[in-house]
> 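First the structure, which I've put down as structure tokens, then a few questions once you've had a look.
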Amino acid sequence: MCGRYSAAGTLDEFAKLIDFIIRIPFFAPRYNIAPRQQAPVIVLENNQPVMKLMRWGLIPSWAKDEGIGDKLINARAETITEKTSFKKPFNFQRCLVVADGFYEWQLSGTKRTPFRFTMKDKSFFCMAGLWERWIKPPARGEFEFNDLDETPPGRVFETFSIITTNANPMVAAVHERMPVILYPDTWQNWIDDRRNGQDVKYLLRPFHAEDMECHRVSPLVNNARNDSPECLIPA
């Protein structure tokens, strides 16, 4: 699985890779992004890539409460077309999850040792994601809005999940799964909602290990409250 990642660079660096409209008030470096937190993703709106914040942990549109999102932080590439929660997003609501590294933990008995994986040149990359919009059902006695434009913003949740696949040889030394990392020349195709899921399913494969680097990091990343540059320092 992919349960933590970072996006610690600057927008200037990322903007060299793709043109997009930004709808984030303030882009702050993130060193230890965890489920339920807001994080930058890129979606296609009116044929234009748009960067916006979404909450990590996909909540299906039909869900009765938000708790299901805690179980849907990842979507397995091998079963993505079989799961009710992911079928519609895979066909029509794919996103790019912006990152510059991700963490995996190596188990040895009861000990968990964190490792950080990055591109060899330390550049930003994009993980394959799915997104969904969920409107929180009204509580007993609350007014129910039928029009999304009239629904109070606090009731509308945009959420995402990261797609995972089998680990490449580098990641496999630490963990059996890894996020699907997309090469830049496939980013536009991935978010293009005119292409259904079958058209882009071939992209759901392990990233080449020779283009990546890995190092052990501090146990600071074990705690989601720690979101500082110290999380990135090799241990």
Side-chain angles (χ1 to χ4, degrees), residues 1-17 22 24-42 51-58 69-75 95-129 159-165 167-182 206-235:
M1 64 179 294
C2 175
R4 298 286 176 81
Y5 67 97
S6 62
T10 67
L11 273 185
D12 289 342
E13 297 172 19
F14 185 67
K16 297 174 185 177
L17 303 175
I22 183 167
I24 297 175
F26 179 69
F27 185 89
R30 296 293 311 280
Y31 307 97
N32 190 19
I33 300 171
R36 283 200 170 220
Q37 296 179 354
Q38 298 281 319
V41 303
I42 291 180
M51 178 182 283
K52 60 196 325 187
L53 292 176
M54 291 189 183
R55 175 171 140 170
W56 187 10
L58 188 142
D70 297 335
K71 301 177 182 178
L72 300 177
I73 64 169
N74 293 153
C95 64
L96 301 171
V97 182
V98 181
D100 70 349
F102 67 92
Y103 302 101
E104 293 292 356
W105 279 258
Q106 186 178 60
L107 294 178
S108 179
T110 59
K111 185 179 180 181
R112 299 172 73 244
T113 303
F115 287 80
R116 183 169 184 251
F117 296 86
T118 66
M119 295 296 100
K120 188 167 286 186
D121 62 2
K122 302 298 190 294
S123 64
F124 269 110
F125 57 89
C126 285
M127 300 179 286
T159 62
F160 70 94
S161 181
I162 296 172
I163 302 175
T164 66
T165 187
N168 64 27
M170 177 183 291
V171 180
V174 175
H175 195 277
E176 63 182 8
R177 306 287 295 178
M178 69 178 293
V180 171
I181 298 173
L182 301 169
F207 196 78
H208 294 156
E210 56 267 27
D211 294 326
M212 297 175 62
E213 285 188 349
C214 167
H215 59 263
R216 187 160 58 91
V217 292
S218 166
L220 280 173
V221 301
N222 294 349
N223 189 328
R225 290 191 294 270
N226 296 326
D227 189 18
S228 65
E230 288 73 25
C231 292
L232 311 185
I233 298 173

> Just jot down the side chain to side chain donor-acceptor pair (under 3.5 Å) partners of T164, sequence neighbours excluded, or say none.
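R177.
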> Using side-chain heavy atoms (C-beta onward) and a distance below 4.5 Å, is R36 in contact with D70?
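Contact flag for R36/D70 side chains = yes.
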> Taking the side chain as C-beta and beyond, is there a heavy-atom pair between K16 and F124 under 4.5 Å?
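No. Closest side-chain heavy atoms not under 4.5 Å.
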> Mind checking what makes side chain to side chain donor-acceptor pair (under 3.5 Å) contact with S218, not counting sequence neighbours?
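By the side chain to side chain donor-acceptor pair (under 3.5 Å) rule, S218 matches no residue at all.
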> Determine whether C126 and F14 make a side-chain contact, defined as any pair of heavy atoms from C-beta on separated by less than 4.5 Å.
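They are in side-chain contact.
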> Can you classify the ring geometry of Y5 versus W56 as parallel (below 30°), tilted (30 to 60°) or perpendicular (above 60°)?
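The rings of Y5 and W56 stand perpendicular, inter-plane angle above 60°.
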> Out of curiosity, M178 CE to N168 CG, how far, rounded to the nearest 0.5 Å?
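With rounding to 0.5 Å, CE (M178) is 4.5 Å from CG (N168).
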> Given the rule in the side-chain hydrogen bond (donor to acceptor under 3.5 Å, both in side chains) test, do S123 and D121 qualify, once you have shown the distances and angles that lead to the verdict?
CA-CA 5 Å; S123 64; D121 62 2; 2.7 Å; yes
> Does the distance from a Lys or Arg side-chain N to an Asp or Glu carboxylate O, for K122 and E213, drop under 4.0 Å?
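A salt bridge is present here (some side-chain N lies under 4.0 Å from a carboxylate O).
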> Can you see which heavy atom on I181 is nearest to which on M119, and at what distance?
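The pair with the smallest heavy-atom distance is CD1-CE, 4.0 Å.
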> Which residues satisfy the side chain to side chain donor-acceptor pair (under 3.5 Å) test with E230, sequence neighbours excluded?
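By the side chain to side chain donor-acceptor pair (under 3.5 Å) rule, E230 matches S228.
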> Could you go through the side chain to side chain contact (heavy atoms under 4.5 Å, CB included) check for K120 and D211 one step at a time?
CA-CA 5 Å; K120 188 167 286 186; D211 294 326; 5.6 Å; no
> What closest approach, in Å, do I162 and M127 show between heavy atoms, and which atom pair accounts for it?
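Minimum heavy-atom contact is CD1-CE, 3.7 Å.
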> Would you give the length of the straight line joining atom CD1 of I24 to atom CG of L11, rounded to the nearest 0.5 angstrom?
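Atom-to-atom, I24:CD1 and L11:CG are 7.0 Å apart.
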> Could you list the residues that satisfy side chain to side chain contact (heavy atoms under 4.5 Å, CB included) with S161, not counting sequence neighbours?
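If we apply the side chain to side chain contact (heavy atoms under 4.5 Å, CB included) test to S161, skipping adjacent residues, the hits are L58, A75, F86.
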> Please round to the nearest 0.5 Å and tell me the distance separating atom SG of C231 and atom CD1 of I33.
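One gets 11.0 Å once the value is rounded to the nearest 0.5 Å.
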> Nearest 0.5 Å, please: how far is OG1 in T159 from CD in Q38?
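Going from CD on Q38 over to OG1 on T159, the span is 10.0 Å.
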> The criterion is side chain to side chain contact (heavy atoms under 4.5 Å, CB included); which residues satisfy it with D227, sequence neighbours excluded?
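Partners of D227 under the side chain to side chain contact (heavy atoms under 4.5 Å, CB included) test: R30, Y31, N32.
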> Are any non-hydrogen side-chain atoms of S108 and T113 less than 4.5 angstrom apart?
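When only atoms from C-beta onward are counted, T113 and S108 do not touch, as no gap falls below 4.5 Å.
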> Just verifying a value: how many Å separate N74 CG and T165 OG1, rounded to the nearest 0.5 Å?
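OG1 of T165 is found 12.0 Å from CG of N74.
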> Testing the basics here: between G3 and I73, what is the closest heavy-atom pair and its distance to 0.1 Å?
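Scanning both residues completely, I find the closest heavy atoms to be CA-CD1, 4.2 Å.
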> Can you name the closest pair of heavy atoms from M170 and A209 and give their distance?
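Reported closest heavy-atom pair: CE-O, 3.5 Å.
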> Could you pull out all residues at least two apart from R112 that satisfy side chain to side chain donor-acceptor pair (under 3.5 Å)?
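By the side chain to side chain donor-acceptor pair (under 3.5 Å) rule, R112 matches no residue at all.
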> Check S6 against D100 and note the closest heavy-atom contact, atom names and distance.
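So the minimum-distance heavy-atom pair works out to OG-OD1, 2.6 Å.
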> So, taking the atom named CG in L53 and the one named CD in Q37, what distance separates them when rounded to the nearest 0.5 Å?
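That separation rounds to 11.5 Å.
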> Could you walk me through whether V221 and R116 satisfy the side chain to side chain contact (heavy atoms under 4.5 Å, CB included) test, starting with their C-alpha distance in whole Å, then the side-chain angles of each, then the deciding distance to 0.1 Å, before giving a yes or no?
CA-CA 10 Å; V221 301; R116 183 169 184 251; over 6 Å; no
> Kindly assign one of parallel, tilted or perpendicular to the pair F102 and F117, based on the angle between their ring planes and the thresholds 30° and 60°.
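Ring orientation, 0 to 90° scale: parallel.
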> Check H175 against A167 and note the closest heavy-atom contact, atom names and distance.
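Closest heavy-atom pair between H175 and A167: O-CB, 3.3 Å.
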